[in-house]
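These notes concern the structure reproduced below.
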4 protein chains.
Amino acid sequence: MWFTIDFHSHVPVYEQIKNKIKEKIVKKEVNENEFIPSIRTLAKEIGVNLNTVARSYRELEQEGIIQSVRGSGYIVIGIDKDKIFDEKIEEFRKIVISAKNLKIEKRDLLKVIDEIYGGE
Amino acid sequence: MWFTIDFHSHVPVYEQIKNKIKEKIVKKEVNENEFIPSIRTLAKEIGVNLNTVARSYRELEQEGIIQSVRGSGYIVIGIDKDKIFDEKIEEFRKIVISAKNLKIEKRDLLKVIDEIYGGE
Amino acid sequence: MWFTIDFHSHVPVYEQIKNKIKEKIVKKEVNENEFIPSIRTLAKEIGVNLNTVARSYRELEQEGIIQSVRGSGYIVIGIDKDKIFDEKIEEFRKIVISAKNLKIEKRDLLKVIDEIYGGE
Amino acid sequence: MWFTIDFHSHVPVYEQIKNKIKEKIVKKEVNENEFIPSIRTLAKEIGVNLNTVARSYRELEQEGIIQSVRGSGYIVIGIDKDKIFDEKIEEFRKIVISAKNLKIEKRDLLKVIDEIYGGE
DNA sequence: GTGGTCTAGACCACT
DNA sequence: GTGGTCTAGACCACA
């Protein structure tokens, strides 16, 4: 299974798909000039409609990250890592602010980070 | 202005309102037994429809956080800080995982936390 | 009727809709800050599915030409006339080249232009 | 290379091939009773599938423009120039109307024509 | 009523 | 088999 979708999230499914694929590319689980799963394959795998995946792919193509090859599928072009980085950091900043507002202490956040990145 | 709404977020407006009010309560900007703004007032202030604010208040009441006082408005009952804490930590954990997936380094996250919480 | 669609064209319906709306804006048949017809209204009027119009509007929004207003509709932001101009001139250039290749004479093209723009 | 194909055009590849061949015939780059490239050759040259070229040739044959010669290939029969002319002029007319709608001035179109046909 | 998303299913162009 | 487009119809969030 390539990845899973949270159907109860407020984030639309097509956005989740876009994000997951961007992650895969950054993590080099798919490399440039490689094909990603076909629209139909991925749709079946994650249990969504073909059109939903198609929309994700179409938007990723508009962002210049993948490109359709007629009759063959979608191929990875490349990704602007700085942009992805900045977007995620901004998202991260918002939730840290929100956590601070909720009087969550710094050490509680650090604990989570250590858990995930490994202590040290 | 009490707070602002991101109308182009994927998070529904009524959810944003609920979250902001919870933050206010935890931060003690509104205390127990105090009134929060009337539906009408808040709706006008943040530029949304009455029904939207009404829905937020209704759900907050169902969660036992506020209570309607006939003819007067809504009064703060109290809040289960542990639950709020856990929810936010969980949200935080997800984005940290996502950041790690994107090969964002630990120190980049720590930098953001220091910025917001104050270094050290 | 706002406009009509050529269902036998190779140009996809959603593209035709986008082009027609761009024309309307340039021609000032709809002005900035005015609403264009709702997705459902336009879909019914030109006899296409709601999703098709929705896609057109979504892409026009991505291009910064219109913007969605929650619960109200889509409002015109503005349009980069130079870009539209350049695109159309480029399209025009291609067909002129093609006409020349087909040994169509210059005066035959000029005749068409005079017909449409008014002679002289 | 005989000609090139725009794979991201909305015009189907088999239509593009047909049009290019018609142009070649009108321009007398291939004359009557001469062979055009074999399906296999042309397919390889422009990088499309055999079936696609085959479809183009089949339709050109139906239009009486070329004819298959068993074991040899396809030979040019002739072309109804008036029909080609009318089709192209009609296509031209549409874009001129569209240009006028976009408030493009007559002189801008004339400039393009002069560029391509040579001034005067 | 408005936009936003999604499903199910279809046909076309192309390899 | 692949992508590209479209229809019909549904549910949600919002004014």
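All heavy atoms count here, side chains included; hydrogens, waters and symmetry mates do not.
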Worksheet entry | Residue closer to the 5' end of DNA chain E, C:Arg70 versus A:Pro12 (nearest nucleotide) | C:Arg70
What integer distance in Å separates [X]:[atom1] from [N]:[atom2]?
X       : N      : atom1 : atom2 : answer
C:Leu50 : E:dG1  : CG    : C1'   : 13 Å
C:Glu61 : E:dT5  : CD    : C1'   : 14 Å
A:His10 : E:dG3  : NE2   : C1'   : 17 Å
D:Ile17 : E:dA13 : CD1   : C1'   : 12 Å
C:Lys44 : E:dT2  : NZ    : C1'   : 14 Å
C:Gln67 : E:dT2  : CD    : P     : 19 Å
C:Gln16 : F:dT5  : CD    : P     : 12 Å
A:Glu15 : E:dC6  : CD    : C1'   : 14 Å

If you measure from the Lys or Arg side-chain nitrogens to the Asp or Glu carboxylate oxygens, is any gap between [X] and [Y] under 4.0 Å?
X       : Y       : value
D:Glu91 : D:Lys88 : yes
D:Glu23 : D:Lys20 : no
B:Lys22 : B:Glu63 : yes
B:Lys94 : B:Glu90 : no

Does [X] place a side-chain N or O at less than 4.0 Å from the phosphate oxygens OP1/OP2 of [N]?
X       : N      : answer
D:Tyr14 : E:dC14 : no
A:Tyr74 : F:dT2  : no
C:Ser72 : E:dG1  : no
B:Thr52 : F:dA15 : yes
A:Ser38 : F:dT2  : yes
D:Arg55 : E:dA13 : yes
C:Thr41 : E:dG1  : no

Discussion item. Need the pair for E:dC12. Rule: Watson-Crick or G-U wobble, both distances under 3.5 Å, any strand; none if unpaired.
Written reply: F:dG3
Response to the item:
Note: for A:Ala54 and A:Gly71 on DNA chain F, the residue whose nearest nucleotide lies more 5' is A:Gly71
Worksheet item: The side chain of C:Ile39 lies closest to which of these nucleotides: E:dG3, E:dC6, E:dT5?
Response: E:dG3
Worksheet item: Below 3.5 Å, does any donor atom in the side chain of C:Asn51 face an acceptor in the base of F:dG9, or the other way round?
Response: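 Flag set: donor-acceptor pair detected.
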Worksheet item: Below 3.5 Å, does any donor atom in the side chain of C:Arg40 face an acceptor in the base of E:dG1, or the other way round?
Response: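 When only heavy-atom distances are counted, C:Arg40 does not reach the base of E:dG1 through any donor-acceptor pair under 3.5 Å.
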Discussion item. Quick one: does any side-chain atom of A:Gln67 pair with a main-chain N or O of A:Tyr74 as donor and acceptor, under 3.5 Å?
Written reply: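 Such a contact is absent between A:Gln67 side chain and A:Tyr74 backbone.
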Worksheet item: Closest approach of C:Ser68 and B:His8, non-hydrogen atoms and distance?
Response: O-NE2, 3.7 Å
